[in-house]
Amino acid sequence: MKTLFIGGIKSGKSRLAEAYIRSISQTKPVYLATTEFIDEEMAQKIDAHKKMREENFITVEEALYLKEKIALQKGAVLVECLSMWINNMLYYEKSFDEMEAELASVLQLEQDIVFVLNDVGCGIIPENKLAREFVDISGRLSQFVASQCDEVYHVIAGMSTKIK
Amino acid sequence: MKTLFIGGIKSGKSRLAEAYIRSISQTKPVYLATTEFIDEEMAQKIDAHKKMREENFITVEEALYLKEKIALQKGAVLVECLSMWINNMLYYEKSFDEMEAELASVLQLEQDIVFVLNDVGCGIIPENKLAREFVDISGRLSQFVASQCDEVYHVIAGMSTKIK
Amino acid sequence: MKTLFIGGIKSGKSRLAEAYIRSISQTKPVYLATTEFIDEEMAQKIDAHKKMREENFITVEEALYLKEKIALQKGAVLVECLSMWINNMLYYEKSFDEMEAELASVLQLEQDIVFVLNDVGCGIIPENKLAREFVDISGRLSQFVASQCDEVYHVIAGMSTKIK
């Protein structure tokens, strides 16, 4: 089973995705954090979050190679989040095709996987070229992942609506 | 009964919220305007809007202390809008916790209350720090208010969908 | 029958609108491109898109006078897209009232018409005055068109939800 939670910034999508994966998983699910540690302050924040999750999740970290990392895990995996992963992939100058190929191989894994993704496409077209590229790639990948998932949930104000 | 209407800029959320509160209220409902008057031109515009509403609403104004003001009213109150109120609270350097506490006490009032809120979280993360803070707080408060409301409506292109 | 597909950037709204109009049309539908050709590079891209569509659509082009152009067509017309048209109308200094009047006369035509529109109102209010004006007009026209359409579909991540 593959599931996508999509919603805006601070829409509650992560909280709902976490509750969801715990409800479908008989063992402690894996929390795959895609954040790259940029500075000491960020590292501390992430560490604090990780401690908070310890009771409910096994945390692993991977900024780029999702398929390889997920295949190593036993049980359900929460990918938190695809938007940060896209960001990382862009930083390392990966193309859209490389991202799509990586996600295609992730989606073929046997495990239950829950993806979290920011909906970034409902503002005006950004003036900044990199931001425009991010919005474009994020939208195209969201279509691809949603088309391959069994279920898609749209989250607004902490309320999820099943749209697939 | 507590109700939230959430939607983007010019999505029609205010018009739908106004029609809704009139439909559930047996007396003339109260229109609580959260706008602070900044200059003469703005004041004139607001005055014109107020005149237009006179037939259907009793207008009262309050930029910050919603609970105190709403408790004074008889009958149903439309809070128009929470986004402007968050803006005001940020301007007076109130914290997220203070805002949440204020809304928590509003939500405990006996009256029927309808809240209007801008959905601002579905664009890219703003470069401007204040804008980022606003988006963050707005999203977290929208989750809080929605969790406490009996009904939540999402509005797009003047069409409302009940999501709770 | 009049239909609106509304969704964010790269949400898949165009692809779904194209599939939809082909499903309701017994003859080859008309693809009304509202893009103005700005430079050679853009013109080449548009030409390539046009070639890709040739098998399934008759392409016509009109940047401003939709009613006149649509009335000349036989069969169903896909307006791709209203957002670009609003952009063009703003460029030629047309007012909101002129845009609404043009769309009102389009909506009175007998033909099946499918409109595609970008949802641009769910980010923060733009600092740029022109962008603010665009968001305002786009939202107000989306309400108007939706109110006059028989069906409205909201598209997220390539999934459409019927909201009217």
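Naming convention: chains lettered A, B, ... in sequence-line order (proteins, then strands); numbering from 1 in each chain. Just so you know, these numbers use all the heavy atoms, side chains as well, and skip hydrogens, waters and symmetry mates.
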Minimum heavy-atom distance A:Lys69-A:Glu62, with the two atoms named: CG-CB, 3.8 Å
Under 3.5 Å: donor-acceptor pair, side chain of A:Asn128, backbone of A:Leu130: yes
Heavy-atom contacts under 4.5 Å, residues 13-30 of chain C to chain A: C:Arg15
With C:Glu133 via side chain to side chain donor-acceptor pair (under 3.5 Å) - residues at least two apart: none
Shortest non-hydrogen separation from C:Thr34 to C:Trp85 and the atoms involved: OG1-N, 3.8 Å
Side chains of C:Ser95 and C:Glu98, donor plus acceptor under 3.5 Å: yes
Audit row: A:Arg140, A:Asp136, salt bridge (Lys or Arg N to Asp or Glu O under 4.0 Å) steps and yes/no: CA-CA 6 Å; A:Arg140 289 160 72 196; A:Asp136 184 278; 3.2 Å; yes
Which portion of A:Ile163 sits near chain C, non-hydrogen atoms under 4.5 angstrom: both
Pairs of heavy atoms under 4.5 Å with chain C: top-ranked of A:Ser147, A:Gly121, A:Gly8, A:Ala146: A:Gly121
C:Glu61 (side chain) donor-acceptor with C:Leu32 (main chain) under 3.5 angstrom: no
Electrostatic pair A:Lys67-A:Glu102, nearest N-O below 4.0 angstrom: no
Side chain / backbone / both / neither for A:Ile9 at chain C, heavy atoms under 4.5 Å: neither
Whether C:Phe5 and C:Tyr153 hold their rings parallel, tilted or perpendicular, with breakpoints at 30° and 60°: parallel
Contacting moiety of C:Ser11, where chain A heavy atoms sit under 4.5 Å: backbone
Between C:Cys122, C:Ala157, C:Gly123, the one whose heavy-atom pairs under 4.5 Å with chain A are most numerous: C:Ala157
Among the listed options C:Val135, C:Ile156, C:Thr161, the residue most often paired with chain A at heavy-atom distances under 4.5 Å: C:Ile156
